[in-house]
Amino acid sequence: MPAPIALVDCNNFYASCERVFQPALRGKPVVVLSNNDGCVIARSNEAKALGVEMGAPWHLNRDRFEEQGVIVRSSNYTLYGDMSARVMRILGESVPEIEIYSIDEAFLGLAGLETRMDTHLRQIRATVLRWTGIPVSIGIAPSKTLAKVANRIAKKSPESGGVLALMTEAEQTAALARLELTDLWGLARRMEARLHALGITTPLQLRDADPKWIRGHFSVVMERMVLELQGEPCMGLDHQPAARQTIMASRSFGRPVETLDEMEEAVATYISRAAEKMRRQNLVTPALQVFLITNRFREDEPQYSGQHTVHLPIATADTSRLIRGALHGVRQVWREGYRYKKASVVCLDLHSAEQIQGTLFHQADAPERRQLMASLDAINQRFGRGTVSFAASGTRKAWALRSDQRSAAYTTRWNELLAV
DNA sequence: TCTGGGGTCCTAGGACCC
DNA sequence: TCTGGGGTCCTAGGACCC
């Protein structure tokens with residue numbers, strides 16, 4: 001029997017955070033709005049009971065909210081991040097193993113706690129509530145997918161007291177019988193439709209399907225889901241989640257943007273924000289993407305969406321370099337005559353300066369190593385310590401300098417850069 | 001006038017190499 | 001003119017999550 005896994009999920013997290021700092025909101029229908037107060041991104045139970053939908057646009061629901069007494073809050077991500085850290089600290093101190101999965105969720109490894117699991121987790125739940133004011137639900141099962149199921153049922157069933165274990169097949173069967181296919185973690189509308197076409201319409205049917213047969217019709221992802229539903233864990237606890245691969249800064253505009261000047265200003269702001277994030281995490285990027293898109297809800301207007309990838313001459317987190325790159329991208333993707341709704345920049349293929357130096361050093365020959373270190377030093381001296389760490393375009397695999405033709409090309413590129 | 005902002009993983013297919 | 005097998009790398013697109 002695999003060691004049990006618990007999933008702890010904060011109930012209506014953003015709405016709960018607002019309540020901690022404004023106790024008068026307790027017991028009332030509360031919703032939290034997205035950036036620009038665009039749409040609903042969190043709802044208290046009372047708001048859910050009134051039929052407020054996730055993602056409901058505020059401008060279409062304003063009057064209704066007022067009538068129903070729904071209290072509206074703009075989002076405050078600094079506050080939520082801080083509350084999340086407090087919750088996670090308590091959880092981390094209470095169990096041997098934790099994987100922080102999102103701002104409001106964590107998986108806990110319960111090896112060694114099997115015999116007093118239920119009591120222990122109920123205590124944890126009470127502690128979190130007492131110390132932070134945030135209510136959580138906890139699901140326990142042999143696999144992550146089943147822990148998600150357990151959590152969902154725990155949240156819906158007052159009699160569980162917020163904690164539910166699904167360790168036996170009988171318990172799992174009873175729980176799965178209460179759910180729809182799209183209630184499962186990793187299964188949404190598209191896959192539901194394809195499963196229906198194969199005659200699978202319930203979670204129990206999916207669990208009882210042959211994993212190999214499923215693999216043939218879908219991919220390894222769906223095969224894993226079946227195995228996980230059968231109680232065979234395919235996804236371990238990720239103790240130290242990998243560093244970010246991409247950083248994105250993206251915003252919808254309050255009103256349509258129609259001039260290149262205005263767009264350049266917006267994108268320069270976004271890339272600056274991304275650069276700041278990168279520097280805080282000591283990351284650099286060798287390439288970035290710029291996306292522009294019109295308002296898809298305006299069917300009466302001409303639609304356009306474009307993307308351009310800019311390979312930077314060096315991997316960097318330097319704001320002025322990144323702005324230059326991003327503005328180049330904007331001019332490539334800009335088409336005159338559209339009313340743009342949203343712009344995004346994505347920094348790709350992120351790596352830390354130290355990691356890149358280490359990889360290069362490790363994979364190069366001795367003479368190349370010397371050249372490499374000298375080059376890095378020279379570049380860093382020139383552009384400032386830590387801001388520049390690598391000088392070649394391409395992906396991380398291309399970063400290895402080897403003595404074949406391809407690496408010769410990169411070395412040449414490197415030398416070119418030094419000559420600038 | 002007004003409809004979020006982040007992320008991840010997998011697959012298929014083409015270019016290119018030996 | 002014929003035209004395999006094995007591999008890597010890269011990109012685009014699809015699907016999903018919180």
Side-chain angles (χ1 to χ4, degrees), chain A residues 7 9-14 31-42 53-63 74-75 77 80-81 84 100-107 144-145 148 151 181-195 215 217-225 234-235 238 241-257 270 273-274 277 286-287 289 291 293-301 305 307-309 311 339 341-350 393-400 402 404-406 409-410:
Chain A
L7 173 66
D9 189 318
C10 302
N11 301 345
N12 317 322
F13 184 53
Y14 296 169
V31 302
V32 176
L33 299 179
S34 65
N35 243 296
N36 287 346
D37 291 341
C39 63
V40 172
I41 55 170
E53 295 283 326
M54 190 67 167
W58 188 38
H59 77 272
L60 295 179
N61 286 277
R62 220 166 163 157
D63 297 344
S74 298
S75 42
Y77 294 102
Y80 309 149
S84 171
I100 297 173
Y101 176 69
S102 73
I103 194 166
D104 71 337
E105 281 176 72
F107 289 104
K144 283 183 171 178
T145 304
K148 277 273 190 181
N151 189 291
L181 275 178
T182 50
D183 292 334
L184 298 174
W185 185 39
L187 206 163
R189 278 193 355 263
R190 311 288 177 132
M191 288 301 156
E192 183 192 38
R194 287 177 57 188
L195 284 166
R215 169 84 192 246
H217 282 86
F218 297 89
S219 75
V220 61
V221 181
M222 190 70 79
E223 180 189 20
R224 273 204 295 254
M225 189 182 305
C234 303
M235 295 177 266
D238 215 342
R244 293 256 164 282
Q245 296 174 22
T246 59
I247 284 180
M248 164 155 60
S250 168
R251 288 284 180 285
S252 295
F253 304 125
R255 57 185 167 74
V257 165
Y270 300 172
R273 199 155 36 213
K277 263 194 221 173
Q289 275 174 313
F291 289 90
I293 188 165
T294 51
N295 189 345
R296 64 193 165 94
F297 295 101
R298 294 295 302 262
E299 287 171 12
D300 54 324
E301 289 182 3
S305 88
Q307 178 273 143
H308 186 78
T309 305
H311 291 275
R339 289 155 62 81
K341 176 63 189 166
K342 175 171 156 178
S344 317
V345 287
V346 187
C347 298
L348 304 167
D349 214 0
L350 300 172
S393 58
T395 69
R396 83 195 65 166
K397 277 173 189 153
W399 289 343
R402 292 180 304 254
D404 59 20
Q405 279 188 339
R406 211 178 311 170
Y410 285 119

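Each chain gets a letter, A, B and so on, in the order the sequences are listed, and its residues count up from 1.
Between D183(A) atom CG and dC17(C) atom C1' there is a gap of 15 Å when expressed in whole angstrom units. Atom CD in E192(A) sits about 20 Å away from atom P in dG14(C), given to the nearest Å. Atom CZ of R339(A) is separated from atom C1' of dC2(B) by 12 Å (rounded to the nearest Å). Rounded to whole Å, atom C1' of dC16(C) lies 12 Å from atom CE of M235(A). Between the P atom of dC17(C) and the CG atom of L187(A) lies a distance of 7 Å, rounded to the nearest Å. When the P atom of dC16(C) is taken as reference, atom CZ of F218(A) falls 10 Å away, rounded to whole Å. Rounded to whole Å, the distance from OH on Y80(A) to P on dG5(B) is 15 Å. One atom, CD of Q289(A), and another, P of dG13(C), lie 11 Å apart when rounded to the nearest Å.
The side chain of K342(A) contributes no N or O atom lying less than 4.0 Å from OP1 or OP2 of dG6(B). The phosphate of dC18(C) (OP1 or OP2) has a side-chain N or O of W185(A) nearer than 4.0 angstrom. Applying the 4.0 Å criterion to OP1 and OP2 of dC10(B), one finds that R224(A) has a side-chain N or O inside that range. The shortest distance between the side-chain N/O atoms of T246(A) and the OP1/OP2 oxygens of dT8(B) is below 4.0 Å. Considering only side-chain N and O atoms, K277(A) lies under 4.0 angstrom from the phosphate OP1 or OP2 of dG6(B). Look at Q245(A) and you'll find a side-chain N or O under 4.0 angstrom from OP1 or OP2 of dC9(B). In this structure, S252(A) reaches the dG4(B) phosphate: one of its side-chain N or O atoms is under 4.0 Å from OP1 or OP2. An OP1 or OP2 oxygen of dA15(C) is reached within less than 4.0 angstrom by a side-chain nitrogen or oxygen of R190(A).
Comparing the helix axis at one end of the helix from dG5(B)-dC18(C) to dC18(B)-dG5(C) with that at the other, each defined from 5 consecutive pairs, gives an inter-axis angle of 0° (nearest 10°).
Here dA15(C) is the nucleotide among dC17(C), dT8(B), dA15(C) with the atom lying nearest to any side-chain atom of M191(A). Among dG5(B), dC2(B), dC10(B), the nucleotide with an atom closest to any side-chain atom of V221(A) is dC10(B). The side chain of K148(A) has dC17(C) as its nearest neighbour among dG7(B), dC17(C), dC10(B). Side-chain atoms of I247(A) lie closest to dG7(B) of the nucleotides dG4(B), dC16(C), dG7(B). Of the candidates dA15(C), dG7(B), dC10(B), the closest approach to any side-chain atom of M248(A) belongs to dG7(B).
For K148(A), the salt bridge (Lys or Arg N to Asp or Glu O under 4.0 Å) partners two or more places apart in sequence, or in a different chain, are E105(A). Here E223(A) pairs with K212(A), R215(A) under the salt bridge (Lys or Arg N to Asp or Glu O under 4.0 Å) rule; sequence neighbours left out.
Counting any heavy atom pair closer than 4.0 Å across all strands shown, G254(A) reaches sugar-phosphate atoms only and no base atom. Residue contacts shown for Y101(A) are limited to sugar-phosphate atoms, with no base heavy atom under 4.0 Å away. Within the 4.0 angstrom heavy-atom criterion, no nucleotide atom of any strand lies near L348(A). Counting non-hydrogen atoms under 4.0 angstrom, R251(A) reaches the backbone sugars and phosphates but no base. Residue A249(A) is in sugar-phosphate contact alone, with no base atom involved, counting any heavy-atom pair closer than 4.0 Å across all strands shown. If you check every strand for non-hydrogen atoms under 4.0 Å, I103(A) touches nothing. Contact annotation for D37(A): no contact, since no heavy-atom pair falls under 4.0 Å across all strands.
For the atom pair CZ of R339(A) and CZ of R298(A), the computed distance is 6.0 Å after rounding to the nearest 0.5 Å.
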